[in-house]
Every structure is written in structure tokens, then in C-alpha cells.
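The structure displayed is predicted, hence computed values, not measured ones.
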Amino acid sequence: MKLNHSTGAIAFLLATPLVTGLTVGIGPSSAAIIAGSAAAGTIDNFSHRPTDRGTSTNTYTQTIAKRGSVISDATADAVFVSNCHELLAANLSQNKVQGDGNNYSGLAQSQAAVVGDFDIDAKETFSFNFQTFLYLLTSVDNRQSERASANGSISFWLINTVTNILLDSFQLASGLDSSSGFYLNGFASNSFNPTAINFNLMAEGSAATSLLYTSGVYSRTFGSATSLRLVEIKNNIAEAKAEAVPEPSAVLGTAIFLGLFVRGRKLNNKLSQFKSKV
């Protein structure tokens, strides 16, 4: 497994407080549609050093503008540092869509993952600390002709690489939709102990934001020698769409998106494919 990271990603993920990166200021504007999703997190205080480690990032954007303009951006960074000075994994997934007009659509998706392999002897306890942030934003001017949606998910998987059995998992998934509202789902197996879960949902007019922060500890004692793989993955997606209506003058504006991050879908389907044995 090859370590894949950039100096810029390390500088941002390790030197910048994550909460600062997820803070978005939105002032009065005539924006038609805004959609944004972002997730960030760190894993540290490992009880064992990995025998192998790696990262993975993917992004995808799509824009279609018939009458108007739309911009879609997606970014993903990940790093897993293991040396004599540091043992830390961190990743960031962020995306944004902004549009203006009365007939267009935009999509932005991003994914960031860190992977570490560990050899755990019999009767040893494997543990680590974690903290995560998940931020979502949607805003429209006209609910009849415009739609904005943002989704994000954060998942931890602990897998026995010999038997390919999922031993433990922790998942958070959240979504905002200007048409259908809000959802929040979560699951944690017994070896995960969340020490803090803070959630804030704010809605004003046709705009809504949500911020979910979690921190905690994973700890499990293994009765026999185990080859263990830790996978932590973030998925984020933002979508915006405007459709022509009989009075197109009702759909006006310019979307301004200020420094937002993230995507998430598909993880519920992936987790359901594993048979959990705790």
C-alpha cells in the first residue's frame, strides 16, 4: 500500500484547527442556489504502529447549464504519518455547488480515506482516539423551481484481513435537502466509545446549515493474534438544480459560496454487505 499525500495537505490537515476550516460565513446575498458538504477528522494516540499504511482520494464534478451558469468544485486530501516524531492520520473531503439562472444543474462529489494495517498479539489491546466534523449547507431563493441538497458520511471499519470479517464499525451520516428536510443516522459497535457528540442545526427562511462534531476512543482486547485493518472514509456530495418555470423572472440571483467542504452516500450499502461479528 503506497502512501499518497502532498506537503500542502499535511500542512493544512495537521497545522490548521479543523473547526476553523469548517467555519463558513454567509452574508446577505441574492444567491439563487448554494449547496455545500464537508467532513474532516483526525485519528491519533495509537497503541500500535502500523505495519503498512495508505490513503485514497477521489473527486467528481458535473455541470449542465441551459439557461444560466453553475460551478461545481470538489476537493479531497488525506495523510497517514508514521515516523519517530508523529503517528497520525487525517483527511478532509469537501465540495460546493453554486448556480445562477433558471435551468441548470450541478453536482460535486468527494471521498477521502486512510487505511492502516496492524499486527495485534494475543491478549493485547488495540486502541486510538478520534475526532470528526461534518458540515452541511443548503440555500435556495425559490422552493418551487430550485433545489439544493448536501449529504455527508463518516465511517470507521476494523476488519480482520485473514477472515475478511468486519469486527467493529462506527458510522455517521447526515443530509440536508431544501425540498425534503433533514436526516441524521448513526451506529457504533461496542468497542467504540464516543466521548462527545455535539450537533447544531440552524434554519432561517430557505437556508439551513448543520454541524456535527464527535470525539471518542476505540479500544478492543484480542484473545488471539489478529491481523487488523483500520479503514476510515469520508464521502460527501452537493447538488443544486434550477428548472424553468412559467415566470423565469422569479428565479434571479448570484450564488456565493465561501470556503465550504464535503460528500456522502453509498456507505449504508457498503456496511450492509458485511456480517458484523463483535
Side-chain angles (χ1 to χ4, degrees), residues 6 8-9 12-13 21-27 29-40 56-78 91-113 133-154 173-183 206-211 233-245 248 251-267:
S6 67
F12 178 81
L13 291 170
L22 291 178
T23 300
V24 178
I26 302 172
S29 70
S30 57
I33 300 181
I34 302 173
S37 175
S56 174
T57 60
N58 290 285
T59 61
Y60 174 78
T61 61
Q62 176 181 289
T63 59
I64 300 174
K66 296 181 179 179
R67 295 185 62 182
S69 61
V70 59
I71 299 174
S72 299
D73 292 317
T75 303
D77 286 309
N91 55 8
L92 167 69
S93 172
Q94 62 182 13
N95 46 56
K96 60 184 180 181
V97 179
Q98 62 185 43
D100 178 26
N102 60 20
N103 196 345
Y104 63 84
S105 64
L107 170 69
Q109 299 175 332
S110 55
Q111 181 185 86
F133 297 87
L134 178 57
Y135 184 87
L136 306 175
L137 165 69
T138 61
S139 179
V140 299
D141 277 351
N142 188 329
R143 292 182 183 274
Q144 292 183 339
S145 60
E146 301 169 352
R147 180 183 177 184
S149 65
N151 297 272
S153 63
I154 301 171
S174 183
L176 280 175
D177 191 296
S178 60
S179 298
S180 59
F182 170 77
Y183 75 86
S206 59
T209 62
S210 69
L211 175 61
I233 185 169
K234 295 177 174 65
N235 283 291
N236 299 88
I237 182 169
E239 296 180 271
K241 178 184 293 186
E243 296 179 347
V245 293
V251 185
L252 299 173
T254 302
I256 301 176
F257 196 110
L258 303 179
L260 187 56
F261 318 146
V262 128
R263 173 213 173 207
R265 202 155 53 185
K266 298 184 179 178
L267 285 181

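Between the CG atom in L92 and the OG atom in S110 there is a gap of 8.0 Å [rounded to 0.5 Å]. A distance of 9.0 Å separates CD1 in I64 from NZ in K241, rounded to the nearest 0.5 Å. Atoms OG and CD, from S105 and E239 in turn, are 9.0 Å apart once rounded to the nearest 0.5 Å. For the atom pair CG of L136 and CZ of F182, the computed distance is 7.5 Å after rounding to the nearest 0.5 Å. Residue Q98 holds its CD atom at 7.0 Å from CG of D73, rounded to the nearest 0.5 Å. Between the NZ atom in K96 and the CD1 atom in I34 there is a gap of 11.5 Å [rounded to 0.5 Å].
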side-chain hydrogen bond (donor to acceptor under 3.5 Å, both in side chains) between Y183 and N151: does it pass, once the steps are laid out? CA-CA 9 Å; Y183 75 86; N151 297 272; 3.1 Å; yes
Just do the side-chain contact (heavy atoms from CB on, under 4.5 Å) check on Y135 and L137 with the steps written out, would you? CA-CA 7 Å; Y135 184 87; L137 165 69; 4.2 Å; yes
Give the intermediate values and the outcome of side-chain contact (heavy atoms from CB on, under 4.5 Å) for residues K234 and I154. CA-CA 5 Å; K234 295 177 174 65; I154 301 171; 4.0 Å; yes
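Here the shortest heavy-atom pairing between S72 and A108 reads CB-CB, 4.2 Å. For the pair S206 and R143, the tightest heavy-atom approach, listed with the atom from each and the gap, is CA-NH2, 3.3 Å. The two residues S139 and A207 have their closest heavy-atom pair at OG-CB, 3.6 Å. The two residues A208 and L176 have their closest heavy-atom pair at O-CD1, 3.6 Å. The heavy-atom pair separating D177 from S179 by the smallest distance is OD1-N, 2.7 Å. The two residues S174 and L134 make their nearest non-hydrogen contact at CB-CD2, 3.8 Å.
Residues R147 and V140 fail the side-chain proximity criterion, which asks for heavy atoms closer than 4.5 Å.
Considering I71, T63, V70 as possible partners of V97, the one that fulfils the side chain to side chain contact (heavy atoms under 4.5 Å, CB included) test is V70.
Side chain of Q62 to backbone of L107: no donor-acceptor contact under 3.5 angstrom is found. Remark: the backbone N or O of A148 is paired with a side-chain donor or acceptor of S178 at under 3.5 angstrom.
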